[in-house]
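First the structure, in the form of structure tokens, and then the observations on it.
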Amino acid sequence: MPLSADSPLTELKGVGPKLAETLAGIGLHKVADLWFHLPLRYEDRSRITPLDALRPGRTALVVARVERADLRFGRRRSLVVSVSDGSGRVLMRLFHFSKSQMQSFVAGQWLQAFGEVRPGPKGLEMVHPQYRLLPDPEAVELSERLTPVYPTTQQVNQTRIRSLVDQALQVLDDNGPRELLPEGVVDGVGGGQLTQALLYVHQPPVDANLQSLAEGRHPMQRRLVFEELLAHQLALRSLRQRVRDHRSMALQGDGRLRQEFLKRLPFRLTAAQQRVIAEVERDLAQDLPMLRLVQGDVGSGKTVVAAMATAAAAEAGAQTAVMAPTELLAEQHLANFAGWLQALGLNVLRLSGKQKTAERRAALAACAEGSAQVIVGTHALFQEAVEFHNLGLVVIDEQHRFGVHQRLALRDKGPGGLCPHQLVMTATPIPRTLAMTVYADLDSSVIDELPPGRTPVQTVVIADARRDEILQRVAAACAEGRQAYWVCTLIEESDALQAEAAEATAQRLHRDLPGLRVGLVHGRLKSEKKTLVMQAFKQGELDLLVATTVIEVGVDVPNASLMVIENAERLGLAQLHQLRGRVGRGSEQSHCVLVYHPPLGELAKARLQAMRDSTDGFEIARRDLELRGPGEVLGTRQSGMANLRVANVMRDADLLPAVQRAADQLLETAPERSEPLIRRWLGDAEKYADV
Ligand code: ADP
Ligand code: MG
């Protein structure tokens, strides 16, 4: 039987059950999977590079003669073979080699070698190039096409996987993949039909523009990128649909609690907060589940928005669950929500794994009976068997640590299997087109305004050798009656080590700044103790607060106008921005001192530069995305961006609006194509649920 798209891989030459199993492990089950198993990059073995034209960092094919071969006994034993072609010389360095290999490198022996060129102590080197001995230079084997390099695993080498893809591609002409893009869309994207694009990308001709292929900007690649982005878009919309197939309580109260809430608030809402609250209220009044993302910079006042939504739910008689990514943030939310809402007669409860049995049992009961209207906990709250009386709203803080999966699991948590409304708040604001892609399953609201009276923080970057200067700054700020943070960072995840380092720093600062009242908080302190120290700092009884990154979230002391962050080069941009958000909350000019330990790597330098240049969370997130890529910034599993094969949402951002339109058009005119498109690019069902 001839091969078809659905033929199992065991029907290919050289594939037995064992190899098939290995291939299944990397998502390759059938012939069609190989079509969409796209190259990571290309190697050019179609032409010979003269040795005097070699450049470090480039990969090249060379033809040359052995001059000599020497065993070196450095840190690692290596065989160094010096070869030349008359124009120049390069050293081939091998760490693993057999005796016969060693003996084959006799002076005058011709060979061809392919590999990456690097600078070495004695000129350019190729470390472990692929090489072949040649009887004479004319015997060189040149490839007729660019050589694709595929993602694979250790058990399956490049030659093997190339041969499998080649076999699969032979079916492409007669039995190729169905074109699933609507016709007009295909023309708009360029790059032609799918089959054509696939063939080109797997087997680019030698005259292909290697540069544009290497950058992923070739029209044929863009054709595939477009389709892949479309598949992701459709997958997220389908997830959204899976939630929206359910019904919710329509939460439309009389506004009484909300009016009371606003009356007691010590400030006026910003216009942006009012707008977003109105958007949320409109959603809540529907009997379809709200799926809304609230983006806003640090300090833009997202918590108040969530509290208003909670009050609205309570007016309609529904419970709200507030979910935070960490225990500390849950504490903070509890303090805020309880402070605002208990005055309105609502019962706000904390649910935590750390609670004593009796306390926890009481909390669970209040939750199940409905005597608690607001329940605050971590994301783990829902992984346990927590029963609600009439859960109408779930507030989820910090989307990037919360999976779509978890959100799907909320579907029937409401009374009678109704789906609670979902309000997601994120402090990692991202550009609009990107948000529409990554959060395509959510409607989005943006708080694009900070409360009045905030002054942008001035940031300086200083090497740790200038510690004296930094101490002077701290002393000067405190002498003026202001307060300061000193943030200690450690790479180690361990609370214990962080705590130790913070303690040592606090002692040292105590010695170096004898006039100041120094306090200390870290993750190891009991929460009562932590609260006491924070209160003392808030009330001005401490001048300097030494802290680990536990103060990243929630802490709010307007009189603190200076923040020193040690080893700032170790932290990511999002974290630095969150930390810095603790100052600049009053009307005085605030400062942030980013202290680094030289030498600085390129990435760290770029990060610190970004912090110095901007205080705008959107801009900082954009830089972060550029530097690290969306998978890292947004959390890979949640954003699904880890599953992308050819697309890169930053590089391909210009396609995103057209992708949105194509998704609309496809769902309108050919909805039956959505499922196969998703399956083609995202694979089997489990993976797809993990978008
Ligand atoms: P984030 O968006 O970072 O979660 P918060 O909700 O924690 O911000 O708010 C930061 C601080 O600003 C809090 O102290 C909050 O009470 C205060 N705040 C919020 N909205 C306003 C406003 N409209 N005017 C003045 N202060 C506000
Ligand atoms: Mg917050």
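Read the numbers this way: they start at 1 and go in the same order the structure lists the ligands and their atoms. Quick caveat, the model's predicted, so the values are computed rather than measured.
- The Thr270 neighbourhood of ligand 1 comprises atoms 23 (N), with distances under 4.0 Å to a heavy atom of that residue.
- Considering backbone and side-chain atoms together, Arg454 places an N or O closer than 3.5 Å to an N or O of ligand 1.
- Taking every non-hydrogen atom of Arg585 and a distance limit under 4.0 Å, the qualifying atoms of ligand 1 come out as 10 (C), 11 (C).
- Against a heavy-atom cut-off of under 4.0 Å, Val298 is close to the following atoms of ligand 1: 3 (O).
- Side-chain contact between His522 and Leu520: present, with at least one pair of heavy atoms (C-beta onward) separated by less than 4.5 Å.
- Shown here for Gln483 and Phe537, the closest heavy-atom pair between the two residues is NE2-O, 2.6 Å.
- Listed here is the closest heavy atom pair of Thr320 and Val395: CG2-CG2, 4.0 Å.
- Take Arg622 and apply the salt bridge (charged side-chain N to carboxylate O under 4.0 Å, His left out) test, not counting sequence neighbours, and it matches Glu619, Glu626.
- For ligand 1, the atoms sitting less than 4.0 Å from at least one non-hydrogen atom of Leu269 are 23 (N), numbered in the order shown with element in parentheses.
- Minimum heavy-atom separation, Ala311 to Leu341: CB-CD2, 4.4 Å.
- In this structure, Gln319 contributes its side chain and Ala372 its backbone to a donor-acceptor pair below 3.5 Å.
- Under the 4.0 Å criterion applied to side-chain N and carboxylate O atoms, Glu331 and Arg350 are assigned as salt-bridge partners.
- Close approach of ligand 1 to Ser300 (heavy-atom distance below 4.0 Å) involves ligand atoms 2 (O), 8 (O).
- In the vicinity of Asp297, heavy-atom distances shorter than 4.0 Å reach the ligand 1 atoms 2 (O).
- For ligand 1, the atoms closer than 4.0 angstrom to any heavy atom of Arg268 are 22 (C), 23 (N), 24 (N).
- By the 3.5 Å distance cut-off applied to N or O atoms, Pro452 is not counted among the residues near ligand 1.
- In summary, the side chains of Arg612 and Thr459 do not present any donor paired with an acceptor at a separation below 3.5 Å, with no hydrogens or angles considered.
- Here is the list of ligand 1 atoms found below 4.0 Å of a heavy atom in Thr303: 4 (O), 5 (P), 6 (O), 7 (O).
- Compare Gly581, Pro558, Gly617, Gly299 by their heavy atoms: the one nearest to atom 1 (P) of ligand 1 is in Gly299.
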